[in-house]
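The structure appears below as structure tokens.
Atom set for the values below is all heavy atoms of this structure, side chains included, hydrogens, waters and symmetry mates excluded.
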Amino acid sequence: MTLSQETEHATWSREEFVERLASKRSGYHLEHAFEVLMNEGKLTPDALRGWVLNRFYYQVSIPRKDAAILANCPQREVRRAWTKRILDQDGTGDGPEECGGIEAWIRLGEACGIPREEITSLRHVLPSVRFAVDAYVNFARSAPWQEAICSSLTELFAGEAHAKRLAAFPIHYAWVAPEGLAYFRARQSQSKRDVHHGLEVTLAHFTTRAQQERALEILQFKMDVLWSILDAIHGEYVLGSKRSTLK
């Protein structure tokens with residue numbers, strides 16, 4: 001290998017690696033047409049409800065994904081930190097501050113006028129949404145645990161998405177009961193903690209140029225999962241003008 005080739009493939013510094021991970025922001029689903037319409041207040045009630053119903057499948061799959069990471073991880077300290085993510089979603093009790101993200105999302109649906117049983121039945125989940133989410137869970141099961149953790153780094157951009165929703169809903173979707181927005185408020189602080197730990201593991205493991213490039217591929221895969229979910233919802237509820245079957 002020539003000197004120029006060695007330089008070309010040199011390991012990125014910690015700072016440059018983080019910058020390259022952060023540069024994936026342009027492909028985050030916050031830029032998807034559906035998300036843009038949502039934040040501009042241009043979704044119909046049926047389209048917004050369709051998003052809530054379909055995104056719920058992603059929410060209930062998160063603890064399964066995180067449990068798969070725990071099952072593959074031999075490091076106790078990492079497991080201790082990662083367990084918090086499961087509790088964030090499943091909750092630790094029934095109180096308002098303990099119910100967890102899954103219950104908070106159900107309450108978002110109820111605030112949008114969707115009966116609880118319609119949300120939890122999963123019968124409104126589109127096939128493409130189910131396929132994309134299942135692909136993510138299967139990746140977490142089969143990939144090395146460090147790679148599965150790396151895929152979580154879409155949290156780098158999640159705080160911005162939640163902030164935009166918290167700003168948009170009271171203005172554009174006043175018919176949604178305010179208490180339904182608790183999920184977005186909780187995830188703002190949780191995302192910051194999750195980013196810190198996910199980056200810590202990623203920076204410690206992906207230390208060669210080849211590994212760093214692999215990390216970018218993994219993050220892109222997760223971006224594609226989230227984008228595909230919105231592709232399906234947008235096609236069904238916006239382009240397809242699907243009307244809700246909820247009674």
Checklist entry - How are the rings of Tyr28 and Phe157 set to each other: parallel, tilted or perpendicular (split at 30° and 60°)? => result tilted
Next on the checklist: Once you measure the plane-to-plane angle for Phe221 and Phe139, does it fall in the parallel (<30°), tilted (30-60°) or perpendicular (>60°) bin?
Outcome noted: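 Tilted: the ring planes of Phe221 and Phe139 meet at 30° to 60°.
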Between [X] and [Y] (salt bridge meaning N to carboxylate O under 4.0 Å), is one present in this structure?
X	Y	value
Arg185	Glu179	no
Arg187	Asp194	yes
Arg107	Glu110	no
Asp134	Lys65	no
Glu35	Arg165	yes

Checklist entry - salt bridge (charged side-chain N to carboxylate O under 4.0 Å, His left out) between Glu103 and Arg116: does it pass, once the steps are laid out? => result CA-CA 10 Å; Glu103 176 62 25; Arg116 173 178 290 259; 2.6 Å; yes
Hydrophobic cluster membership, [X] vs [Y], 4.5 Å side-chain cutoff:
X	Y	answer
Val238	Trp227	no
Tyr183	Leu166	yes
Leu53	Trp175	yes
Leu122	Val225	yes

Next on the checklist: Side chains of Val176 and Pro170, heavy atoms from C-beta outward: is any pair under 4.5 Å?
Outcome noted: no
Item to check | Hydrophobic cluster partners of Leu70 (side-chain heavy atoms under 4.5 Å) | outcome: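 Direct or chained contacts put Leu70 with Ile69, Val78, Trp82, Ile86, Trp145, Ile149, Val201.
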Item to check | Among Tyr237, Phe56, Trp105, the one residue meeting ring pair (Phe, Tyr, Trp, His ring centres under 6.0 Å) with Trp51 | outcome: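 Considering Tyr237, Phe56, Trp105, a ring pair (Phe, Tyr, Trp, His ring centres under 6.0 Å) with Trp51 is found only for Trp105.
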Item to check | side-chain hydrogen bond (donor to acceptor under 3.5 Å, both in side chains) assessment of Arg55 paired with Gln59 | outcome: CA-CA 6 Å; Arg55 176 80 182 203; Gln59 300 304 140; 3.1 Å; yes
Is it true that the side chains of [X] and [Y] contain a donor and an acceptor less than 3.5 Å apart?
X	Y	value
Glu98	Thr92	no
Arg79	Gln75	no
Asn39	His172	no

Item to check | Cation-pi check, Arg214 onto Phe206 ring (under 6.0 Å, within 45° of axis) | outcome: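 No - Arg214 does not lie over the ring of Phe206 by the 6.0 Å and 45° rule.
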Checklist entry - Got a second to check how far Leu239's CG is from Ile233's CD1, nearest 0.5 Å? => result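 So the gap between those two atoms works out to 12.5 Å.
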